[in-house]
Amino acid sequence: MAEEEHKLQFAPFHSLADEGFWRRLCSLKLDTLGIDQSPIPITGFYAPCSHAQVSNHLTLLSESLPPECDEQSSLASTVIRGNRNRCPVPGILYNTNTLESFHTLDKQSLLKAEAKKIWDDIQSGKAEEESAVLSRFLLISFADLKKWTFHYWFAFPALVLDPPAKLTDLRPASQCFSLEEAESLKAACNEWRKSTGLLGCFCIALVLFIILATIRPLRDWEDCQSACQKVLFGFYDPCHLPNHPGWPLRNFLALISSRWKVEKISFLCYREERGFPNLDISLLGEALVSVSQAWDDPQFIPNAVGWELNKGKKVSRCITLANSMDPTRLAISAA
Amino acid sequence: MVLSQKLHEAFKGTVERITGPRTVSAFKEKGVLSITEFIIAGDNLVSKCPTWSWSTCGSNSTENEIVTTMDLLAGRDLVSIVGNSKWESGEPSKRKSYLPLEKQYLITRNVPCLRRAASVEEEYEAAGGEVLLDNEDNDGWLATHGKPKETKLDEENLPNMETLDINKNNTIKSIPSYFGGEEEEDIPDIGDYNDPDNLVETDAATLQSTYLVAHEPDDDNILKTRTYDVSITYDKYYQTPRVWLTGYDESRMLLQPELVLEDVSQDHARKTVTIEDHPHLYGKHASVHPCRHGAVMKKIIDVLMSHGVEPQVDKYLFLFLKFMASVIPTIEYDYTMDFDLGSSSH
């Protein structure tokens, strides 16, 4: 595999919105928004894959939506609290008033607009401070409050590398390190997860000579670069597949490539089992990325993809909560 | 038990592991936990099994209005099901004031459930099923595995949340209106919305795969992966933890709680596992009813003590989750620890 170069393919990100999210959206729509269709800033949560057979998702909960207006006063102090199992990611929600307008939303432009934000954050350096912006997402929805039914569609905008990244190596991380190196890496990962565990992308500085791995935030890349033998780019990989890295690597590669002009990128798909780093399911890969000249043009915005498929099809999803929200049904079931 | 004292302790001593002698004796004698002990045991679970986290209450004012509406509509019945002090009817918030704000309940998300419990039980029986934990009261708790009554599990027939197919083979009768109702016919099929308009996305770097399905290379059966959010709340009335299950199907759509019962040991489905309002989350969720938790935990503690193991209250949830695994055997939540249960362990 090491010799053979082939196109790097990324496993798409997936969404999961819990009942609380839709309930909150309902009340927000009824009590605060009314017919206002302005986009709403929301927060999604994700965590590294924590089981060899199941990928993790971007999860929306009731607290993903902004607080109600009567709490606006405390808004400034309201910080979305994440934890190691819930790394917050910024997103935006376009909730329409009718099903028709939901279907006629210009999905391509909406996606492009979000991709531009990601691109701008990469160019401005914000993404290095706050790597969560690389995983920015988009949600469009129509909430049918009469039927307690919600039509929705997620997108995870990814900047398309042109030409595509080539994968030169990808294997379980456990095969790439000596026992001591692996131990040092795991210890560093554990430490990272405990302390600043909310940043999903990071640099791993490997000083192989004295077998020491340290994890640093992205902004320290240059220091790592000069001080270490090897720098790996690590990210929380929600994907469980043994042969593919997950979606968040896409924009990360775009950042590494366009900001730091690194062409040969060593990356670590950080995955866990039972909440601890597992190097057998974590992947270590090497990709060759050489983007075209156009990327240097300040006006240039890379193409973007990322609408979530529904069972392999390009259709929206629909959930009905009538069973738990319709007062008539509740009354009948309670009788 | 002086509540205000407990309350005070819970708020103040969440990090410090204070265990008053009196609470210790309640844990050993009755298998129950005080609120402080619940926090201590929860802290220990979170630190040993990091897939678990404490959850704050995400509720705010508008949630309360919905809850109130539901109280009015469903409250009366809930009271009769779970007992007066359990459901505090008309309580304005889902936030429990007797628990610290930051530690309202424990949750682990995206827990895989690769097989249906019923199919596991068939294998288990074929292998000559055995008693999990003997119960002399013979009241159905943890009894030997009887013949599974409803093992007809045709994956094809699982109702599809998105199209709201009404499951013709639905054996669920307890809530007749659950899937019924003519108005559902108004809900258009999602297939109609195959947007022709503006979504053309072709990208060679996107993995095109049906990998939503768990791959088991050595198995011909391609398994569909349900996942669960498993939460543990503190049940004030029974003074024990209580497990709640929120299921998602293989395409990450909310599972109707009725379908969650397929992932519950069939001896417990509908008897000890009931579908109720979650004390902290929205909607109806399946839950292992805690009325016998204290007694069973007491037995486990007795077994430990008879083997010379001194049970510690901060390990309560590990024992508890091991016990829960007999009710929900296929939901692979994390409760590992190097703890010898003695002869009763498997």
Side-chain angles (χ1 to χ4, degrees), chain A residues 7-12 14-16 18-20 23 27 31 50-51 53-54 56-57 59 61-63 67-68 70-71 81 83-86 103-104 106-108 147 149 160-161 164 241 244 274-276 305 307 311-320 323-324 327 329-334, chain B residues 49-51 53 56 58-63 65-66 69-70 73-74 76-78 108-110 112 114 161-162 164 175 177-178 181 183 186-187 190-191 193-195 197-199 201 203-207 209-211 214 225 227 229 246 248 251-254 256 281-284 332 334 336:
Chain A
K7 220 174 272 173
L8 179 53
Q9 285 192 321
F10 307 86
H14 288 288
S15 64
L16 185 153
D18 87 341
E19 188 169 351
R23 296 265 200 140
S27 55
D31 303 330
S50 62
H51 194 284
Q53 283 168 298
V54 189
N56 233 315
H57 332 293
T59 306
L61 310 169
S62 60
E63 53 266 49
E68 309 277 333
D70 57 326
E71 292 172 28
R81 253 186 297 268
N83 60 40
R84 56 174 294 142
N85 298 317
R86 278 179 35 172
H103 286 298
T104 50
D106 185 351
K107 296 185 197 60
Q108 284 301 20
K147 290 179 186 162
T149 298
V160 177
L161 297 171
L241 295 179
H244 295 276
R274 298 195 177 280
F276 295 101
V305 292
W307 285 98
K311 292 177 181 153
K313 289 195 206 120
K314 288 169 184 167
V315 290
S316 57
R317 288 167 167 256
C318 176
I319 183 172
T320 177
N323 287 331
S324 62
R329 287 197 210 187
L330 285 176
I332 292 168
S333 70
Chain B
C49 301
T51 48
S53 333
T56 71
S59 83
N60 44 43
S61 59
T62 338
E63 286 187 9
E65 286 167 27
I66 291 178
T69 319
M70 286 171 61
L73 290 161
R76 184 179 53 79
D77 189 54
L78 280 158
T108 178
R109 292 184 192 277
N110 197 38
L114 301 168
M161 283 290 294
E162 285 154 64
L164 261 178
I175 304 176
S177 65
Y178 220 88
E183 69 266 59
D186 297 342
I187 296 174
I190 195 67
Y193 297 136
N194 214 329
D195 273 64
D197 51 299
N198 51 22
L199 189 65
E201 250 187 22
D203 170 45
T206 303
L207 178 66
S209 161
T210 54
Y211 75 97
T225 311
T227 58
D229 292 348
T246 313
Y248 297 92
S251 53
R252 302 171 315 285
M253 297 299 287
L254 193 66
Q256 292 297 351
L281 297 167
Y282 281 125
K284 305 257 181 220
E332 301 177 17
D334 191 13
T336 44

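Every chain is numbered from 1, with letters handed out A, B, ... down the list of sequences.
Within the 4.5 angstrom heavy-atom criterion, only side-chain atoms of Thr227(B), from C-beta onward, approach chain A.
Residue Thr59(A) holds its OG1 atom at 10.0 Å from CZ of Arg252(B), rounded to the nearest 0.5 Å. Rounded to the nearest 0.5 Å, atoms CG (Asp334(B)) and CZ (Phe276(A)) are 8.0 Å apart. Distance CZ/Arg274(A) to OG1/Thr108(B): 10.0 Å, rounded to 0.5 Å. Once rounded to the nearest 0.5 Å, the distance linking CG of Leu61(A) with CG of Asp229(B) reads 8.0 Å.
At a threshold of 4.5 Å between non-hydrogen side-chain atoms, the residues His57(A) and Asn110(B) count as touching. In this structure the side chain of Arg86(A) never reaches within 4.5 angstrom of the side chain of Ser53(B), judged on heavy atoms. The shortest side-chain heavy-atom distance between Gln53(A) and Leu114(B) falls under the 4.5 Å cut-off.
For the side chain to side chain contact (heavy atoms under 4.5 Å, CB included) test, residues two or more places apart in sequence or in another chain that qualify with Glu19(A) are Arg23(A), Leu321(A), Ser324(A), Leu254(B), Tyr282(B). Under the side chain to side chain donor-acceptor pair (under 3.5 Å) criterion, His51(A) pairs with Glu332(B), sequence neighbours left out.
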Item to complete: Give the intermediate values and the outcome of side chain to side chain contact (heavy atoms under 4.5 Å, CB included) for residues Thr206(B) and Val305(A).
Response: CA-CA 9 Å; Thr206(B) 303; Val305(A) 292; 4.3 Å; yes
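Summarising the geometry of Gly275(A) relative to Pro50(B), their closest heavy-atom pair is O-CG, 3.5 Å, with the distance given to 0.1 Å. Across every non-hydrogen atom of Val54(A) and Pro112(B), the tightest pair is CG2-CB, 3.1 Å.
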